[in-house]
Novice: 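Below is one structure. I have some questions about it.
Computation of the quantities below employed the complete heavy-atom set of this structure, encompassing side-chain atoms and omitting hydrogens, waters and symmetry-equivalent molecules.
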Amino acid sequence: MAIDYEQRAAWHWDRAEQAHAEGDPQLAAEHEHAAGICEQFAHEDTTGTAAA
(Lines give C-alpha, C1' and ligand atoms only; values in the text may rest on other atoms or scores of the structure.)
Protein backbone atom coordinates (compact mmCIF):
# COMPACT_ATOMS: atom_id res chain seq x y z
CA MET A 1 0.00 0.00 0.00
CA ALA A 2 1.54 3.27 -1.14
CA ILE A 3 1.36 6.38 0.99
CA ASP A 4 -0.15 9.44 -0.71
CA TYR A 5 2.19 12.12 0.60
CA GLU A 6 0.37 14.92 -1.21
CA GLN A 7 -2.81 13.96 0.62
CA ARG A 8 -0.96 13.79 3.92
CA ALA A 9 0.59 17.20 3.32
CA ALA A 10 -2.85 18.68 2.66
CA TRP A 11 -4.13 17.11 5.88
CA HIS A 12 -1.26 18.64 7.87
CA TRP A 13 -1.81 22.07 6.27
CA ASP A 14 -5.50 21.87 7.25
CA ARG A 15 -4.58 20.95 10.82
CA ALA A 16 -2.03 23.78 10.94
CA GLU A 17 -4.71 26.27 9.93
CA GLN A 18 -7.04 24.84 12.56
CA ALA A 19 -4.35 25.09 15.24
CA HIS A 20 -3.68 28.72 14.28
CA ALA A 21 -7.41 29.45 14.52
CA GLU A 22 -7.50 27.83 17.97
CA GLY A 23 -4.51 29.88 19.13
CA ASP A 24 -1.95 27.07 19.33
CA PRO A 25 1.09 28.26 17.37
CA GLN A 26 3.29 25.39 18.58
CA LEU A 27 0.93 22.73 17.24
CA ALA A 28 0.51 24.74 14.04
CA ALA A 29 4.29 24.83 13.58
CA GLU A 30 4.53 21.07 14.10
CA HIS A 31 1.88 20.44 11.44
CA GLU A 32 3.55 22.92 9.06
CA HIS A 33 6.85 21.09 9.51
CA ALA A 34 5.21 17.71 8.90
CA ALA A 35 3.47 19.09 5.80
CA GLY A 36 6.80 20.26 4.42
CA ILE A 37 8.32 16.83 4.92
CA CYS A 38 5.35 15.18 3.21
CA GLU A 39 5.69 17.59 0.28
CA GLN A 40 9.36 16.63 -0.05
CA PHE A 41 8.45 12.93 -0.06
CA ALA A 42 5.73 13.59 -2.66
CA HIS A 43 8.30 15.35 -4.85
CA GLU A 44 10.67 12.41 -4.51
CA ASP A 45 7.88 9.96 -5.41
CA THR A 46 6.93 12.01 -8.45
CA THR A 47 10.40 12.74 -9.82
CA GLY A 48 12.44 9.87 -8.46
CA THR A 49 15.01 12.34 -7.15
CA ALA A 50 15.59 13.65 -3.65
CA ALA A 51 14.40 17.18 -2.93
CA ALA A 52 17.11 19.67 -2.03
Novice: Any idea which heavy atoms bring Asp45 and Ile3 closest together, and the distance?
Specialist: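 In terms of heavy atoms, the two residues are closest at OD2-O, 4.2 Å.
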Novice: Decide if atom CD of Glu30 counts as having more than 12 heavy atoms of other residues, nucleotides or ligands within a radius under 6.0 Å.
Specialist: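 Counting other residues, nucleotides and ligands, CD of Glu30 exceeds 12 neighbours.
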Novice: Residues in side chain to side chain contact (heavy atoms under 4.5 Å, CB included) with Ile37, at least two apart?
Specialist: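 So Ile37 forms a side chain to side chain contact (heavy atoms under 4.5 Å, CB included) with His33, Phe41.
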Novice: Which heavy atom of Ala28 sits nearest a heavy atom of Ala19, and at what distance?
Specialist: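 Closest approach of Ala28 to Ala19: N-CB, 3.6 Å.
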Novice: Does a side-chain heavy-atom distance below 4.5 Å link Glu6 with Thr46?
Specialist: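 Counting from C-beta outward, Glu6 and Thr46 do come under 4.5 Å.
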Novice: Run through His31, Glu32, Gln18 and flag the one making a side-chain contact (heavy atoms from CB on, under 4.5 Å) with Trp13.
Specialist: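 Of the listed options, the one satisfying the test is Glu32.
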Novice: Minimum heavy-atom separation for Thr47 and Thr49, please, with both atom names.
Specialist: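 Reported closest heavy-atom pair: OG1-OG1, 2.9 Å.
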Novice: Counting only heavy atoms not in Arg8 (residues, nucleotides, ligands), do more than 12 fall under 6.0 Å from its CZ?
Specialist: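 Not buried by this count: 12 neighbours or fewer within 6.0 Å.
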Novice: Does the side chain of His12 come under 3.5 Å of the side chain of Glu39 through a donor N or O and an acceptor N or O?
Specialist: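 No - no donor-acceptor pair under 3.5 Å links their side chains.
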